[in-house]
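To keep things clear, I will list the structure first and then write my remarks on it.
Just so it is clear: chains get the letters A, B, ... in the order the sequence lines come, proteins before strands, and each one is counted from 1.
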Number of protein chains: 2
Amino acid sequence: MSNAISQEMTGSTQEIKNGWKPEIATAPLYLQVAHHLESRISNGDFAVGSLLPTENELAEALGVSRQTVRQAIGLLRNKGRLSARKGVGTRVEAIEASSGSTRFIAHSRSELFEIAAETEFVIGFREMVSAQGKLAVDLGCRPGRKFLHITGVRYPANRGKAFSWNEVYIDSRVAAAVKDVTVARRAIFHYIEEFTGEKIHEIQQDVRPIAMDEDIAEKVGCKGGDLALIVNRRYYGSGRRLLEYAFQILPADRFTYTTTLRAET
Amino acid sequence: MSNAISQEMTGSTQEIKNGWKPEIATAPLYLQVAHHLESRISNGDFAVGSLLPTENELAEALGVSRQTVRQAIGLLRNKGRLSARKGVGTRVEAIEASSGSTRFIAHSRSELFEIAAETEFVIGFREMVSAQGKLAVDLGCRPGRKFLHITGVRYPANRGKAFSWNEVYIDSRVAAAVKDVTVARRAIFHYIEEFTGEKIHEIQQDVRPIAMDEDIAEKVGCKGGDLALIVNRRYYGSGRRLLEYAFQILPADRFTYTTTLRAET
DNA sequence: TTATCGTATATGTACGTACTAATTGATTTC
DNA sequence: GAAATCAATTAGTACGTACATATACGATAA
């Protein structure tokens, strides 16, 4: 054992470069390394377009094995933050902010967190409902199950122009998780995870075009009949129990759904 | 060295279970294992919902290390074919064919291959064009660059109802790759890769809603003004050279864009 | 009968080594 | 000067080990 954690524990005063110091056994090491690298990138410590230190250098500097560094780099490559080429090195990539329309539809669970953190969901209405008919079908449950129904508008964190209309259905068993929330600054399912201690393992998301409804259009500042995207999400806990169902309506002229597909190797 | 490749080379007649035998050093081992597992899944050899043999069993049966098996399983987990739980095992997951509307928008490079293989792109029109104005902007190149412009309709492999209108722009330097193609049964960028020997490393894709144009509507069998999704794709070779730009228009009532977001751990 | 406590088993994490292969840049050669 | 060659560098692949941790199940005790 020669990594920085044990050094920390044995009271060694040797300082790891750039002030990094591993946590005390919360997250796995490769995740800590990934977060560390990510923050140093957004710090500008590793410039976009430049090459990262080599895997061996990083491993030595952070006091972990090269495998662990590779695992961390692998995560960031999946997210598009890094790209690697054999014989060359690992390059810091720009986060594509493709032409004007910002990315506000998530491609991963962690991105949902980030988006939610940058926005505010102002809850305007809430009631308990019993799933019947189309709703029961949408929720994939038998009629009669109780859900907390919440509606509201999502704003950028700085309270600019509203950008989406949101409706959320939460399983009554976990609805207490949001009973005191009037303005959500985190993802709703984050509240649920915190409340139950259980992790949302899977989120199924689908995107469809619709024509904007008259009164929803008014709430998000556009005209009825305008083109929009509706994003449906189903949140499943362990054993594929549906804990939350939500949909979101985004004006099409403001938002585009962008993805980057990469070669595996 | 005790894996099945070396056994093969030394002429050992020992037969690996289920007729698997590694190739002679073309693809990396973990990819071969991944493909092997995938084909056995679609064979029904590993039933959906059941647990795979343990990593150690697979490693021994295939004559590779557990690490290699894990790498292969990791790929298939990313694709959603498998899911693993600590202390339990690795489960074969169903490919979600969510309620009626088939998935015809790719989420990964390999999925583009698969979709293209299941469909036919019937080319109806082709000409050389010089990028000007909006096209130059869409293509992100300076005006005057030459492209081969191809348009046509994409059908299911069995030649049922048309399902999308397609337009493709190919960099003139590689346009020869498709000069003899009138019906494409593979992805266009696959022809380009074959022609140049260079791999398309990155594909950027964005999805937006539009109202269906009158004459395009006619070609895919729906009405003008109907809701549709337009999928733009930019194909980049090494050094982010744009080699191909394409867009595709899909009737909204037939197709939904579905994604599954999973927890990292 | 119910609750609790091991124990076995599975994946997850982390380390190590060794070698392969793509790329770059300097050097040599024509 | 241009082309071929070689050496150094860097990520990729593949193997090994060991231990951590979540889960299921059976044995035991209340």
**Q.** Any residue meeting salt bridge (charged side-chain N to carboxylate O under 4.0 Å, His left out) with R91(A), in chain and number order, not counting sequence neighbours
**A.** none
Q. With respect to the side chain of A84(A), which nucleotide from dG12(C), dA11(D), dA14(C) is positioned closest?
A. dA11(D)
Q) Separation of L52(B) atom CG from dA10(C) atom P, in whole Å? A) 13 Å
Q | Minimum-distance nucleotide to T68(B) side chain [options: dT11(C), dA14(D), dA14(C)] | A | dA14(D)
Q.
Tell me the interatomic distance from L31(B), atom CG, to dG12(D), atom P, rounded to whole angstroms.
A. 13 Å
Q. How would you list, by chain and number, every residue that makes a salt bridge (charged side-chain N to carboxylate O under 4.0 Å, His left out) with E38(B), sequence neighbours excluded?
A. K79(B), R81(B)
**Q.** Between C1' of dA10(C) and CG of L82(B), the distance in whole Å
**A.** 15 Å
Q. Expressed in angstrom and rounded to an integer, what is the separation of L62(B) atom CG from dA14(D) atom C1'?
A. 14 Å
(Q) So, does T90(A) get its side chain near the phosphate of dA11(D), meaning an N or O under 4.0 Å from OP1 or OP2? (A) yes
Q. Residues two or more places apart in sequence or in another chain: which of them pass salt bridge (charged side-chain N to carboxylate O under 4.0 Å, His left out) with R173(B)?
A. D171(B)
Q) With E55(B), which residues qualify under salt bridge (charged side-chain N to carboxylate O under 4.0 Å, His left out), at least two apart? A) R66(B), R70(B)
Q) Has the side chain of T119(A) got a donor or acceptor atom that lies under 3.5 Å from a matching backbone atom of I115(A)? A) yes
Hey, what are the protein-to-nucleotides 17-19 of chain D N/O distances that come in under 3.5 Å?
{"residue": "dT17(D)", "atom": "O4", "partner": "Q67(B)", "partner atom": "NE2", "Å": "3.1"}

**Q.** Out of dG12(D), dT13(C), dA14(D), whichever nucleotide has its closest atom nearest the side chain of E55(A)
**A.** dG12(D)
**Q.** Phosphate contact (dA10(C) OP1 or OP2) by R70(B) side-chain N/O below 4.0 Å
**A.** no
Q. Any cation-pi pair here, R186(A) with Y191(A), using under 6.0 Å and within 45°?
A. yes
Q. Quick one: do the R233(B) and Q205(B) side chains pair a donor with an acceptor below 3.5 Å?
A. yes
Q | Rounded interatomic separation in angstrom, taking CG from L29(B) and C1' from dA18(C) | A | 16 Å
Q: For the residue pair T68(B) and S65(B), confirm or rule out a side-chain donor-acceptor distance under 3.5 Å.
A: yes
Q. Choosing from dT13(D), dT11(C), dC15(D), which nucleotide comes nearest the side chain of N56(B)?
A. dT11(C)
Q.
From C-beta outward on S65(B), which listed nucleotide comes closest to its side chain: dA14(D), dT10(D), dG12(D)?
A. dA14(D)
Q: Quick one, give me the B/S/- string for nucleotides 20-25 of chain D, reading 5' to 3', where B means a protein heavy atom under 4.0 Å from the base and S means that only happens at the primed atoms, P, OP1 or OP2.
A: -BBBS-
Q. OP1 or OP2 of dT9(D) less than 4.0 angstrom from a side-chain nitrogen or oxygen of T54(A), does that happen here?
A. no
Q | Candidate pair F189(A) and F113(A), rule ring-ring contact (aromatic ring centres under 6.0 Å, His included), full reasoning | A | CA-CA 9 Å; F189(A) 79 93; F113(A) 276 106; 5.1 Å; yes
Q) Rounded to whole angstrom units, what separation is found between the CZ atom of R91(B) and the C1' atom of dA10(C)? A) 13 Å
